[in-house]
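A short worksheet on the structure shown next.
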Amino acid sequence: MSHVKVHANDSKNMEAAAHNSSSAFAGAQYLMGLQLFVRLATFSTNAVAFRLAGSSAFGIASIKLELLLSTILFLSRESIRNALLRVEPEEDTQRPSVREQRIINAALVSIAIGGLLAGALYMVYGGDSQSTIPYFSESIAVYVLAAWVELLVEPLYVLSRSRVLFQLQARCESIAVSTKCAIVALILFLGHSGSADKENKFRLLAFALGQLGYAASIFISYAWLMKPILGYPVFRCYKPKRVSFDDGFWYIGRKMRSLIAVFMGQSFLKHVLTQGDSMAMSRLARDSDMGLFALVSNYASIPARILFLPLEEAARAVFTQSDARTAMNVLATLAKLQLLLGCLFCVFGGLYAPVVMPLIDNRNGTANAHVLSAYFMYLPVMGLNGFLEAFVHSIASKSQLLWVNVWMAGCSVVYISLSMLLLGAWDMGALGMVLANMINMSLRIAYCCWFAQKWFASCGIALPNVSRIVPHPIVLASCLIAAILSVVIIKSISQTTIIDRLAVLALGSALALIVLLAMWTFEKQFIQAAKEIKAGRTTIDKKRD
């Protein structure tokens, strides 16, 4: 009788895992659409801002002030978000339920931490003298305020994520991004038209006010759209309340506090690793160099924002709520996706960057083209690391997370040393930062692969064959031929005019379509596997193994 009961529970858990997988990856479509809109909007705004504000102000806003913003936001909420993914669902008719009240209590901690961080970092940044840029100290104050206002959204955000309301998240983010872009462009235009000496005195303040507009609008949007969905007043999301845990009544349980502490240390290290280039450049690079690097990274990161982040977010939710076999299937499919995308990025992004960059920035196009090419080579490494780390952070135990932190600390030391060498001693500028990032990501990937191999072995699951992950030989051959033909086209056609460059890009687009056709024809098995994951059917087919 007990055997039947266990079997029934296992079936229920598998069905729940399949449902979660389906909901998460179906919801990722909304996030992809959101990222497409966000990147197109910011792409257009950045192009305008770079010309109206100048490279120095654009560099300060994109590197220094964005670093300030991301430090407050990331360190305040990332660890708590990761910990909340492990709050198990439960049946409760109370509103808000015990589970949701636990989520609310933890999310409110982010707001408190953010307030303390905002005050401390304002004191640090406020002492930085930038007399050449008007309204520099005022811009810092506005950025700090914007960060704290954005943190007010956190209880509503984590509740929407726990209910898998990806469409609502996309709507709120779209409204906020539209508001930000409109404010930045409007203030820059007004400052430019009213400036007789062609020096836009509002060139830095425009970015700060745009960020404040983003924060205010996303808070209002979440409050307005969540109001009819919650089942209780919005103000209850900002009211802490003690709830029951195994060890008594607490605002936050002992296990959750311990998990948050581990993730907090990990978040600090991860922030150093992900924002290390900004930290190094803000101290070692010139303002104009920061502006050029920001321009290149903003353009090249469009594929990463559109594809990698939504899929990584969905995969993280699946990994935390699925069994080992499901996790392995999802991980293998995402790994192959990265390799396929990597082929496209390396061939068409890397080779055609020198053709595209002068169209964007005719003053420094040639110099930035090398950085842009290197960045496209870096993108597949970034994407692979994102999925692997999402897997490790989702399933690792507390003791395992501590060892992950130790490894990441070692990566931090290597990364900072490389950054100082490449950016300072060797004066390689933005190209050096890309190379340092690639080495850093490769070290992190190596550890994640070792961890995954050990974990799956402990579960009695063999890793998939390499042939299942590596692209089909015909696909690889088509990429190689496309690369050779692209080199011939770029070398043989003179690129002295815009028409010439557009012709080269048209021929490159035709080659890209041929490669995509090869992928569609010879990767049908992979495409079907991806569809099964999206639909929640994540059981391994033995024939494919």
Exercise. Step by step, work out the side chain to side chain contact (heavy atoms under 4.5 Å, CB included) result for Ile445 and Cys449.
Key: CA-CA 6 Å; Ile445 288 172; Cys449 289; 4.0 Å; yes
Exercise. Enter the distance from Leu379:CG to Leu384:CG here, rounded to the nearest 0.5 Å.
Key: 12.5 Å
Quiz item: Do any pairs count as a salt bridge (charged side-chain N to carboxylate O under 4.0 Å, His left out) and have a residue in residues 202-211, sequence neighbours left out, and if so which ones?
Solution: Glu199-Arg203
Practice problem: Find out whether Thr71 and Leu121 are in side-chain contact, i.e. whether some heavy atom of one side chain is under 4.5 Å from a heavy atom of the other. | Solution: yes
Exercise. State, with a plain yes or no, whether a side-chain heavy atom of Phe74 is found less than 4.5 Å away from one of Ser267.
Key: yes
Practice problem: Please round to the nearest 0.5 Å and tell me the distance separating atom CE of Met441 and atom OH of Tyr415. | Solution: 8.0 Å
Exercise. Quick one: list whatever passes side chain to side chain contact (heavy atoms under 4.5 Å, CB included) with Ala107, sequence neighbours left out.
Key: Glu154, Pro155, Val158
Quiz item: Any salt bridge (charged side-chain N to carboxylate O under 4.0 Å, His left out) pairs touching residues 207-226, not counting sequence neighbours?
Solution: none
Quiz prompt | Closest non-hydrogen atom pair between Leu225 and Cys172, with its separation | solution = CD1-SG, 3.7 Å
Practice problem: Drop me the distance from Leu204's CG to Lys64's NZ, to the nearest 0.5 angstrom. | Solution: 10.5 Å
Residues 175-191 side chain polar contacts: donor-acceptor under 3.5 Å, at least two apart:
| unit_1 | atom_1 | unit_2 | atom_2 | d |
| --- | --- | --- | --- | --- |
| Ser178 | OG | Ser174 | O | 2.8 |
| Thr179 | OG1 | Ile175 | O | 2.9 |
| Lys180 | NZ | Gln211 | OE1 | 3.0 |

Quiz item: Do side-chain atoms of Ser162 reach the backbone of Leu159 as a donor and acceptor pair under 3.5 angstrom?
Solution: yes
Quiz item: Taking only residues two or more places apart in sequence, or in another chain, which ones meet Tyr378 in a ring pair (Phe, Tyr, Trp, His ring centres under 6.0 Å)?
Solution: Tyr375
Exercise. Could you pull out the closest heavy-atom pair between Leu65 and Ala61, with the gap in Å?
Key: CB-O, 3.7 Å
Exercise. For Arg77 and Leu151, work out which heavy atoms get closest and say how close.
Key: CD-CD2, 4.1 Å
Exercise. State, yes or no, whether a side-chain contact exists between Leu84 and Ile260 at a heavy-atom distance under 4.5 Å.
Key: no
Quiz item: How close do Phe391 and Ala452 get, heavy atom to heavy atom, and via which atoms?
Solution: CE2-CB, 3.7 Å
Self-check item: Under the side chain to side chain contact (heavy atoms under 4.5 Å, CB included) test, residues paired with Ile229 that sit two or more places apart
Solution: Arg163, Leu165, Leu168
Quiz item: So, does Ser76 use its side chain to make a donor-acceptor pair with the main chain of Leu73 at under 3.5 Å?
Solution: no
Quiz prompt | Partner residues of Trp403 under the side chain to side chain contact (heavy atoms under 4.5 Å, CB included) criterion, sequence neighbours left out | solution = Val406, Tyr447
Practice problem: Any salt bridge (charged side-chain N to carboxylate O under 4.0 Å, His left out) involving residues 372-390? Give me the pairs, sequence neighbours left out, ordered by first then second residue. | Solution: Glu389-Arg444
Self-check item: Ser139 to Ala208 - nearest heavy-atom pair and separation
Solution: O-CB, 3.6 Å
Quiz item: Step by step, would you call Leu422 with Leu435 a side chain to side chain contact (heavy atoms under 4.5 Å, CB included)?
Solution: CA-CA 8 Å; Leu422 296 174; Leu435 294 177; 4.2 Å; yes
Quiz prompt | Under the side chain to side chain donor-acceptor pair (under 3.5 Å) test, residues paired with Ser258 that sit two or more places apart | solution = Lys398
Quiz item: Does Phe202 have any ring pair (Phe, Tyr, Trp, His ring centres under 6.0 Å) partners at least two apart in sequence or in another chain, and if so, which?
Solution: Tyr135
Exercise. Rounded to the nearest 0.5 Å, what's the gap from CG on Asn105 to SG on Cys237? Could you check?
Key: 11.0 Å
Self-check item: Results of ring pair (Phe, Tyr, Trp, His ring centres under 6.0 Å) for Phe219 - residues two or more places apart only
Solution: none
Quiz item: Roughly how far, to the nearest 0.5 Å, is the CD1 atom of Ile80 from the CG atom of Leu259?
Solution: 11.0 Å
Exercise. Starting at CG of Asn437, measure out to CD1 of Ile439 and round the result to the nearest 0.5 Å.
Key: 9.5 Å
Exercise. Answer yes or no: is there a side-chain heavy-atom contact under 4.5 Å between Gln338 and Met382?
Key: no
Exercise. Could you walk me through whether Glu150 and Tyr157 pass side chain to side chain donor-acceptor pair (under 3.5 Å), step by step?
Key: CA-CA 10 Å; Glu150 187 172 343; Tyr157 171 83; over 6 Å; no
Practice problem: With side chain to side chain contact (heavy atoms under 4.5 Å, CB included) as the test, would you mind laying out the steps for Ser70 and His271 before giving the verdict? | Solution: CA-CA 9 Å; Ser70 64; His271 183 65; 3.7 Å; yes
Quiz item: Does any non-hydrogen side-chain atom of Met226 lie less than 4.5 Å from one of Ser160?
Solution: yes
Quiz item: Okay, side chain of Tyr238, backbone of Ile104: is any donor-acceptor separation there less than 3.5 Å?
Solution: no
Quiz prompt | Close side-chain approach of Tyr122 and Tyr143, heavy atoms under 4.5 Å | solution = no
Quiz item: Leu443: what forms a side chain to side chain contact (heavy atoms under 4.5 Å, CB included) with it, not counting sequence neighbours?
Solution: Cys411, Val414
Quiz item: Sub-3.5 Å donor-acceptor pair from the side chain of Arg161 to the main-chain atoms of Arg81, do we have one?
Solution: yes
Quiz item: Is any side-chain heavy atom of Trp148 closer than 4.5 Å to a side-chain heavy atom of Ile111?
Solution: yes
Quiz item: Checking side chain to side chain contact (heavy atoms under 4.5 Å, CB included) for the pair Asn82/Ser79: CA distance, chi angles, key distance, verdict?
Solution: CA-CA 5 Å; Asn82 288 336; Ser79 59; 5.9 Å; no
Quiz item: Looking only at heavy atoms, what is the nearest atom pair of Ser397 and Gln400, with distance?
Solution: N-OE1, 2.8 Å
Practice problem: With the side chain counted from C-beta on, respond yes when Tyr214 and Glu173 share a heavy-atom pair under 4.5 Å apart, and no when they do not. | Solution: yes
